[in-house]
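Structure, as structure tokens:
The basis for the numbers below is simple: all heavy atoms, side chains too, and nothing from hydrogens, waters or symmetry mates.
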Amino acid sequence: MTRLAEYFLPTLREDPADAEWTSHKLMVRAGLVRQLGAGLWTWLPSGYRVIKRIEAIIRSELDAIGGQEMLMPVLQPAELWRRTGRYEIEELFKLRDRKDADFVLAMTHEENVTYHVSHDVRSYRELPLILYHLQTKERDEPRPRAGVLRVREFTMKDSYSFDRDTEGLDRSYELHIEAYDRIFDRCGLRTYRVESDVGMMGGLGAHDYMAPCAAGENEIALAPGYAADVEVAVADPQPVELPPPLDEPRRVPTPELTTVEEVSGTLGVPAGALIKAMPVIVNERMVLALVRGDHRLNELKLRHALGTEFRAAHPEEIEAQLGPPGFIGPIGAELPILKDAAIEGDGYVCGANEPDAHLIGVAPGRDFNFEEVDLRSVEAGDIAPGGGRIELQRAIEVAGIFKLGTRYSEPLGATYLDERGEERPIVMGSYGIGPARTVAAAVEQGADDKGIVWPRTIAPWDVHLVRLGKPEDEAARTADALYGELREAGAEVLYDDREAGPGEKLTDAELLGCPLRLVVGKRALAEGGVEAQIRRDGAAERLPVAEAAKRALELLDGID
RNA sequence: CGGGGCGUGGCGCAGCUUGGUAGCGCGUUCGGCUGGGGGCCGAAAGGUCGCGAGUUCAAAUCUCGCCGCCCCGACCA
């Protein structure tokens, strides 16, 4: 029963003042969601309809690969998390009960599910297993942002695979890839499956599903046959024309020139001919990381190269150990030096470690020693593995899949007995999807200047039926009858039977963005029937009243 | 956690610099007109000015503290 006159669908004429992104603005304006606090969102009836449709698609595809749905609690004993070492995660909500026992609010459910599997799975005969649930996750986010995109409480579909060995894990992983590809395809979302960092999850490998759109927090590198998060992307750099090499470095004055642009501009060399030196502190010791002047240091790659956390050096530390910030370089530095692999050849420019001076004609190896590693983020135009040119795009991470290996099964004692009676750790994978992010990504990707344009499969309703004129008009009787016929035929229909002006009703329909709009009014009836309009392309058509319902369903079928 | 911004009827905002009757648009309610792109006329309801302390005869306005929200960064399954 969805008559708008009695339905809770509060639309807004103006954008909310605190919204920056299209999806945030439109989801609030269209009455899908309302905010309760920072990173805390309520799904109103229309928005929750979208969520439920996405969840139904997820369930059907997971069931299809043999997933078994269950439900695990959000409130959990801290003990489990201590055993896997995740209790220390800052984002984990921690609390105590009245007896002063420690609890956490789960951010995912590896500990929980592995605990049960460790108790109740003992034989290789019981493997493999795919278990999943749709459950609330809690995260003490440092900075919630962008509407429902980064929040402190959200629902996630998370599944977990349990296999006898890594070959089994590979199969479970592949099954999830196939299921996820189908899920996002069915949701009408454009996504890329990209290589990603395994993160704090630990494990053997990971991919993310990225939905490109402006509001995305992540950046992905795309080329024909290649897709990766820029955090892990690799590519051959674009060549740079180096100045002629010298027999030895020569000091040149560069008064007050501290940026790459200033130095390269003044010396008349390309930015890529400079060596940027970034001093970082690792376990109290300074290390110098070098990248080309036209490249960006990739902090994740640096962390991997160092094998541990690091922080940027403070200006005083730089001054004390190297020279004035803005004029530092590797030559003469008594420090471990990591050089990015893109710094090739001789003739570079770098800081002289003294005020207002740089060195030209620098030759790595001859003039300083280093360890060579991949430290830079790829740039648009670089050559990807496979030969294509890299293009960078922002994207929303809507799903992530991880090969966990024995990261959780070992500390939690999840083992099985194999055919020979030997005890072995279960090999695990975990696979998440964020339905709310999927909604936001669909809104971002489909919106136009009038409002949302839903993919047909996840729209809150198939048909937005608008009745114009007074309730006692002839048109109202026609609209009432059409509403009944459409529902009879199985269509999900939102019927705007409010006593409101045509402008308000029509703009609301465009804002909400259901795939097919039907308008019943005096004018349309006089001109031969009901007006049908496809939201996506605006194509309009008159449907004779007698066959309006039938024809409307045909039109629906023709949309995506 | 660092930087910036904001907090005034449901929503969007003005008022604050220079202290003295709390205002505008939209929305809401009632009556009437209108009825294909948020229309018109008339009447009305609705605000502890985020919270607390201070200064003052007097605080939305000045001072201090706190809280909340947004943005950038740090951070991030």
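Candidate nucleotides B:C71, B:G36, B:G37 were compared by shortest atom distance to the side chain of A:Leu468, and B:G36 ranks first. Listed nucleotides B:C13, B:C26, B:G37 differ in distance to A:Arg517; the shortest reach to its side chain belongs to B:G37. When the nucleotides B:C71, B:G12, B:C70 are ranked by their closest atom to the side chain of A:Glu14, B:G12 comes out on top. Across B:C75, B:G36, B:C70, the shortest atom-to-atom separation from the side chain of A:Arg523 is found for B:G36. Closest contact between the side chain of A:Ala17 and the listed nucleotides B:C72, B:G12, B:G37 involves B:G12. With B:A74, B:G38, B:G36 as the choices, the nucleotide that has an atom nearest any side-chain atom of A:Pro502 turns out to be B:G36. With distances taken from any side-chain atom of A:Asp18 to the nucleotides B:C71, B:G36, B:C69, the minimum falls on B:C69. Set against B:G37, B:C70, B:G38, the side chain of A:Asp508 has B:G38 as its closest nucleotide. Counting only heavy atoms from C-beta on, A:Arg145 has its side chain closest to B:C71 among B:C71, B:C76, B:C11. In this structure, the nucleotide among B:G37, B:C71, B:G36 sitting nearest to the side chain of A:Glu20 is B:C71.
Computed from coordinates, the A:Glu510 CD to B:G38 P distance equals 12 Å when rounded to whole Å. Between the CG atom of A:Leu4 and the C1' atom of B:G38 there is a distance of 14 Å, rounded to whole Å. Rounded to whole angstrom, the span from the CG atom of A:Asn218 across to the C1' atom of B:C75 amounts to 13 Å. At whole-Å resolution of the value, CD in A:Glu472 and P in B:U34 are 12 Å apart. Between the CZ atom of A:Arg143 and the C1' atom of B:G2 there is a distance of 12 Å, given to the nearest Å. The nearest whole Å value for the distance from the CD atom in A:Glu91 to the P atom in B:A74 is 15 Å.
For B:C69, the paired nucleotide is B:G5, the pair qualifying as Watson-Crick or G-U wobble because both relevant distances are below 3.5 Å. Pair assignment for B:C33: B:G39, on the basis of Watson-Crick or G-U wobble contacts that are both within less than 3.5 Å.
At a cut-off of 3.5 angstrom, counting only N and O atoms as typed in the model, there is no donor on one side facing an acceptor on the other between the side-chain of A:Glu504 and the base of B:G37. For B:C76, the base has a donor-acceptor partner in the side chain of A:Arg150 [N/O atoms by modelled type, under 3.5 angstrom].
Taking the nucleotide of RNA chain B with the nearest heavy atom to each of A:Arg139 and A:His24, the more 5' of the two is matched to A:His24. Annotation: of the two residues near RNA chain B, A:Arg303 and A:Gln35, the 5′-most nearest-nucleotide partner is A:Gln35.
A:Ala524 comes within 4.0 angstrom of a nucleotide base, judged by non-hydrogen atoms across all strands. Across all strands, A:Ala106 comes closer than 4.0 Å to no nucleic acid atom at all (heavy-atom distances). In this structure, A:Leu506 reaches the bases: a heavy-atom distance under 4.0 Å links it to at least one base atom across the strands shown. Counting non-hydrogen atoms under 4.0 angstrom, A:Pro144 reaches the backbone sugars and phosphates but no base. A:Glu231 comes within contact range of no nucleotide atom at all, as no heavy-atom separation falls under 4.0 Å. Heavy atoms of A:Ala500 sit under 4.0 angstrom from at least one base atom. In this structure, A:Glu531 reaches the bases: a heavy-atom distance under 4.0 Å links it to at least one base atom across the strands shown. Among the protein residues, A:Gly521 comes within range of the nucleic acid bases, having at least one heavy atom under 4.0 Å from a base atom.
Ring geometry for A:His109 against A:His133 counts as perpendicular: the plane angle is over 60°, on a 0 to 90° scale with 30° as the lower cut. Between A:Tyr431 and A:Tyr180, the angle of the ring planes goes over 60°, which puts this pair in the perpendicular group of the 30/60° scheme.
Within 6.0 Å of the CD atom in A:Glu527, the count of heavy atoms belonging to other residues, nucleotides or ligands exceeds 12. For A:Arg285, the CZ atom counts as loosely surrounded, since its 6.0 Å shell holds 12 or fewer non-hydrogen atoms of other residues, nucleotides or ligands.
Only the C1' atoms considered, B:G20 is 37 Å distant from B:C41, to the nearest whole Å. Of the C1' atoms belonging to B:G7 and B:U48, the separation is 15 Å, rounded to the nearest Å. For the C1' atoms, the distance from B:C11 to B:G52 is 28 Å, rounded to whole Å. With C1' as the reference atom, B:U34 and B:G42 are 15 Å apart, rounded to whole Å. Rounded to a whole angstrom, the distance from the P atom of B:C75 to that of B:G19 is 46 Å. Using atom P as the reference point in both B:U28 and B:G38, the two lie 15 Å apart (nearest Å). Using P as the reference atom, B:G35 and B:U21 are 46 Å apart when rounded to the nearest Å. When the C1' atom is used for both B:U56 and B:A74, the distance is 44 Å, rounded to whole Å.
Each of A:Tyr483, A:Tyr495, A:Tyr7, A:Trp454 was evaluated against A:Trp461; a single residue qualifies, A:Tyr7, per the ring pair (Phe, Tyr, Trp, His ring centres under 6.0 Å) test. Residue A:Lys137 forms a side chain to side chain donor-acceptor pair (under 3.5 Å) with just one option from A:Thr155, A:Thr108, A:Asp158, and that option is A:Asp158.
Base orientation for B:U21: syn, the chi torsion being within 90° of 0.
Between A:Arg13 and B:G27 there is a side-chain polar atom (N or O) within less than 4.0 angstrom of OP1 or OP2.
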